[in-house]
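Everything on this sheet refers to the single structure shown next.
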Number of protein chains: 2
Amino acid sequence: MALEHAILVSLLEQPGSGYELARRFDRSIGRFWTATHQQIYRVLRRMETDGWIAAQAVTQDGRPDKKVYSAAEAGRSALGAWLREPVEPETVRHELAVKIRAAAFEDPSALIPEVERHREGHAALLARYLTGEQRDFPDPSALDAQQQLQHVVLRGGIEYERMTLAWLDDVLATLHRLHRHAD
Amino acid sequence: MALEHAILVSLLEQPGSGYELARRFDRSIGRFWTATHQQIYRVLRRMETDGWIAAQAVTQDGRPDKKVYSAAEAGRSALGAWLREPVEPETVRHELAVKIRAAAFEDPSALIPEVERHREGHAALLARYLTGEQRDFPDPSALDAQQQLQHVVLRGGIEYERMTLAWLDDVLATLHRLHRHAD
DNA sequence: AATGTCTATGCAACTCGTTGCATAGCGGGC
DNA sequence: GCCCGCTATGCAACGAGTTGCATAGACATT
């Protein structure tokens, strides 16, 4: 399980409450590690019990109080130990690929709108990534280690989206070709 | 849940036992949808109860008997209904990306062997994909609909591996750069 | 002769992840 | 005045997925 490690990284980069973490997971981090607020709150409680993180209650005006967590020394060394372990093979869940192969047993062209919707989502995400890159890393020669590592992960996201867009175009061309020949 | 649909697709392409399905998931299908034999046996039983698939006992010499499943009409129509539903957003779990951002809080160069091992794995997989493409789709102009759809999914895998290799080289270059500047 | 691997299926226990709901005050729109 | 959405946290129940183990005969290796 790496959710606790993803949370640790996020807290090391910037302390925050469960709610704030949930929103970070919805935005940036969620692009390579998803989590709901339920998972996050549960894991935060366990990590606090284990002494990986420390909580500080913050009273607020006009909105509910919150508990701001930050990474403790034990958490930091746990992260170091995890870093030295080999990665487990990633479990892939590519639903669209299943659907494309399934389309052979139905009308393949019925999948076209679905693939197009998918394509739009990836195009929008790529645009957001590129905007974020311009904003956060305008001068790549003036970055510290942390920013350079964040940047290389973002570049991975950008290349992934570019590749996916090209592939979805390939898929669409294939579906259109099958449609024409079925007439 | 799409495991049942992935199994349906696999059974429509070729009937088989739970054990055979588990091995297909280890090889080809597992590249875009993973599953253990436990999951597969459990889902197969449920699908048989629901009438999505039909089982036929096959007695064998020299090895245990098996139950060969094939997709039933109800399963086929369930697959069609699922095809017309919109895809849910994919849940991404990219452990290496978490580790790369975590490396900012440790010695980043300690991650180099890990990334290199990862890179070798992807290079080997790309080689296997390309061999498989040569073997299964030697003449792309002479494919039926099912093969064309299988081929376009394989091309997605190939492009994914190529992109990943290029990105991992980018990651390695970044880690080496950080290592030099830390001296 | 003993050990290990492959085929083939399954139980039991567990952890991980999701969904629905609840609370509760603040502010905005109709 | 009412409903909706945002911040902020949490319970309870369920479903998905993993891990360890068991059975059991056939065959290969040491």
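Both backbone and side-chain heavy atoms feed into the values below; hydrogens, waters and symmetry mates do not. Letters A, B, ... mirror the listed sequences (proteins, then strands); counts begin at 1.
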message: Looking at every heavy atom in both B/L178 and B/P108, which two are closest together, and how far apart are they?
response: CD1-CB, 4.2 Å

message: When you measure only distances, ignoring hydrogens and angles, does the side chain of A/R42 come within 3.5 Å of the base of C/dT18 through a donor and an acceptor?
response: yes

query: Do the charged groups of A/E114 and B/R84 touch, with an N to O distance under 4.0 Å?
result: no

message: Strictly below 4.0 Å, N to O, side chains only: are A/R119 and A/E116 in salt-bridge contact?
response: no

query: In whole angstrom, what separates B/Y41's OH from C/dT7's P?
result: 11 Å

- line: Of A/R128, A/H122, A/R31, the one forming a side-chain hydrogen bond (donor to acceptor under 3.5 Å, both in side chains) with A/E161 is A/H122

- prompt: For B/Q60 and C/dT7, is the shortest distance between a side-chain N/O and OP1 or OP2 below 4.0 Å?
  reply: no

statement: note: B/R23, atom CZ; C/dT5, atom C1'; distance rounded to Å ~ 13 Å

- request: Look at the side-chain N and O atoms of A/Q38 and state whether any lies under 4.0 Å from the OP1 or OP2 oxygen of C/dG17.
  value: no

- request: Grab the CG-P distance between B/L21 and C/dA8 for me, whole Å please.
  value: 12 Å

field: Ion pair check, A/E13 and B/R101, cut-off under 4.0 Å
entry: yes

Terminal contacting nucleotides, 5' and 3', DNA chain D versus chain B (heavy atom, 4.0 Å): D/dA16 to D/dA26

query: Over how many whole Å does the gap from A/Y19 atom OH to C/dT23 atom C1' extend?
result: 15 Å

- request: Between A/T34 and B/R63, name the one whose nearest nucleotide on DNA chain C is closer to the 5' end.
  value: B/R63

message: Using whole Å, what does the distance between atom P of nucleotide C/dT23 and atom NE2 of A/H37 come to?
response: 15 Å

Minimum heavy-atom distance between A/L149 and B/I100, given as atom pair plus value: CD1-O, 3.6 Å

